[in-house]
There are 2 protein chains.
Amino acid sequence: MFSQFRNEFPLSEEKWNEYISYFDRIEVPAKTILLKEGEISKKLFIIEKGCIRVWFNNNGKDLTTQFFFENQSVASIESFMKKFPSQAAVETIEPSVLWYIHKNDLDKILEEIKEIPDLRDRLINMLFQRTFDYMKYFVSFIKDSPAQRYLNLIEERPQIIQRVPQHYIASYLGVTTVHLSRIKSKLLQKK
Amino acid sequence: MFSQFRNEFPLSEEKWNEYISYFDRIEVPAKTILLKEGEISKKLFIIEKGCIRVWFNNNGKDLTTQFFFENQSVASIESFMKKFPSQAAVETIEPSVLWYIHKNDLDKILEEIKEIPDLRDRLINMLFQRTFDYMKYFVSFIKDSPAQRYLNLIEERPQIIQRVPQHYIASYLGVTTVHLSRIKSKLLQKK
DNA sequence: TTCATTTGATAACAAATGTTATCGCATGCT
DNA sequence: AGCATGCGATAACATTTGTTATCAAATGAA
């Protein structure tokens with residue numbers, strides 16, 4: 001799982017092995033709740049196989065805000081960083097194979113690697129990039145119609161279209177399942 | 001302008017004076033474009049007096065995404081950081097008194113202060129906080145009705161309601177001016 | 001296989017929001 | 001003061017999106 005990332009990290013063999021030893025592997029079925037709404041997030045997950053969504057409970061309706069697939073890391077990030085109760089829940093969509101690390105262990109690692117300027121700068125750039133991604137996502141949400149956003153998904157994130165049940169996609173797009181069906185059938189007519 | 005921030009920065013008197021000498025002061029009327037769409041952002045502004053909006057041109061309609069008031073710093077941040085042409089424009093709403101610094105000078109300062117762990121960590125936390133603010137903003141956008149979002153603005157950012165013309169507020173809420181008028185008149189009926 | 005459950009499509013109707021046009025008030029300029 | 005302009009309210013109508021209900025197909029468990 002981790003060897004593919006080995007050469008990205010300028011670390012000694014010892015440190016590398018120490019760091020990956022902090023991770024545990026689990027296999028879970030679909031619809032496993034990894035973090036409940038209101039809980040404090042204490043684990044960061046990395047997906048070996050499967051997919052995960054992050055969602056908010058909004059008056060009983062669920063509102064999916066993010067999807068994650070293989071090799072991505074997942075946490076309710078604000079809860080994880082600041083030890084706040086999470087507003088969001090984290091749940092598998094498919095049966096999944098996951099690796100996770102406890103926050104305490106990750107904090108140890110981060111404390112150590114931030115003395116390495118190269119890694120430190122990369123971390124900062126990641127944070128910036130995440131901000132920019134949110135901005136882009138948000139602007140598209142106000143700018144584009146649901147139909148256009150659906151087309152964007154097809155172009156930019158085909159995995160979502162292929163692997164995620166449609167009602168989750170609808171909530172991600174901010175529309176009802178009924179309306180997403182209408183969008184799809186209109187798009188088919190035009191072709 | 002800067003003396004109120006003096007004690008937040010653990011810097012020598014010399015460095016402090018050097019850093020603030022990089023800033024210039026300008027006075028501009030309302031509706032002054034500080035950055036055009038498509039330009040690369042090379043200045044960071046700090047508002048002494050007045051207010052500013054950041055907006056996107058979307059098929060001729062403008063879409064305001066952010067408002068800034070006294071003591072806040074403003075730039076088209078992705079353009080400024082990465083030297084990309086800016087998708088957004090930056091424009092004064094009121095006649096304003098601004099201070100600005102060129103990116104080159106700011107980069108020099110940042111390069112120096114990031115060796116100070118305290119300042120460096122604060123910078124990183126700022127970036128995280130900005131990410132969290134965007135997430136919150138975004139979630140509210142999908143979760144809440146325009147009327148609810150308008151009520152949130154009254155509660156959380158009364159400056160916007162008081163100082164910003166209504167058509168900018170409408171575009172910020174993602175609705176037309178007509179619809180915002182309807183929202184306001186319905187809220188009045190209920191009281 | 002068989003049955004229950006999940007998922008998705010569609011129709012009919014309701015509610016929310018956009019579009020266009022008109023009016024009036026306030027503001028700033030000369 | 002007088003006038004143009006910007007801003008906001010409102011009405012009538014159009015379009016988009018939500019709600020509820022029903023049905024069909026796919027999927028999963030016994």
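To find a chain, count down the sequence lines: A is the first, B the second, and so on, and within it residues start at 1.
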Side chain of B:Lys31, heavy atoms from C-beta onward: which of C:dG18, D:dG6, D:dT19 has the nearest atom to it?
D:dG6
Could you state the CG-P distance from A:Asp62 to C:dT6, rounded to the nearest angstrom?
14 Å
Result of checking A:Phe23, A:Phe2, A:Phe5, A:Phe45 against A:Trp99 for ring-ring contact (aromatic ring centres under 6.0 Å, His included)
A:Phe2
On a heavy-atom basis, which atom in A:Gln166 and which in A:Thr177 lie closest, and how many Å separate them?
NE2-O, 4.4 Å
Measure CD1/B:Ile183 against P/C:dG18 and give the value in whole Å, please.
8 Å
Between A:Thr92 (side chain) and A:Pro95 (backbone), is there a donor-acceptor pair under 3.5 Å?
no
Rounded to the nearest angstrom, tell me the gap between atom CZ in A:Arg149 and atom C1' in D:dT16.
12 Å
Is it the case that the side chains of A:Asp133 and A:Gln129 hold a donor-acceptor pair, with the cut-off being a distance below 3.5 Å and no angle test?
yes
Between atom CG in A:Leu173 and atom P in C:dG8, what is the gap in whole Å?
13 Å
Sub-3.5 Å pairs of nitrogen or oxygen atoms, protein against nucleotides 8-10 of chain D:
unit_1	atom_1	unit_2	atom_2	d
D:dG8	OP1	B:Gln166	N	2.7
D:dG8	OP2	B:Gln166	N	2.9
D:dG8	OP2	B:His167	N	3.2
D:dG8	OP2	B:His167	ND1	3.2
D:dA9	OP2	B:Gln166	NE2	2.5
D:dA9	OP2	B:Ser181	OG	2.5

For each nucleotide in nucleotides 22-30 of chain D, reading 5' to 3', give B when a protein heavy atom comes within less than 4.0 Å of its base, S when such contact involves only the sugar-phosphate, and - otherwise.
---------
How close or far is atom C1' of D:dC7 from atom CD of B:Glu94, stated in whole angstroms?
15 Å
For the residue pair A:Ser41 / A:Ser86, report whether a side-chain donor-acceptor contact shorter than 3.5 Å exists.
no
Rounded distance (Å) that lies between atom P of D:dT16 and atom OH of A:Tyr150
19 Å
Are A:Glu48 and A:Asn71 close enough that a side-chain donor and a side-chain acceptor fall under 3.5 Å?
no
Tell me if a side-chain donor or acceptor on A:Ser145 pairs with a main-chain N or O of A:Gln148 at a distance below 3.5 Å.
yes
Between NZ of A:Lys143 and C1' of C:dG18 the distance, given in whole Å, is 19 Å
Just checking, B:Arg53 and B:Tyr168: is the charged tip under 6.0 Å from the six-membered ring centre and within 45° of the axis?
yes
Would you kindly check if the NZ (Lys) or CZ (Arg) of B:Lys103 is within the cone defined by 45 degrees around the ring axis of B:Phe80 and under 6.0 Å from the six-membered ring centre?
yes
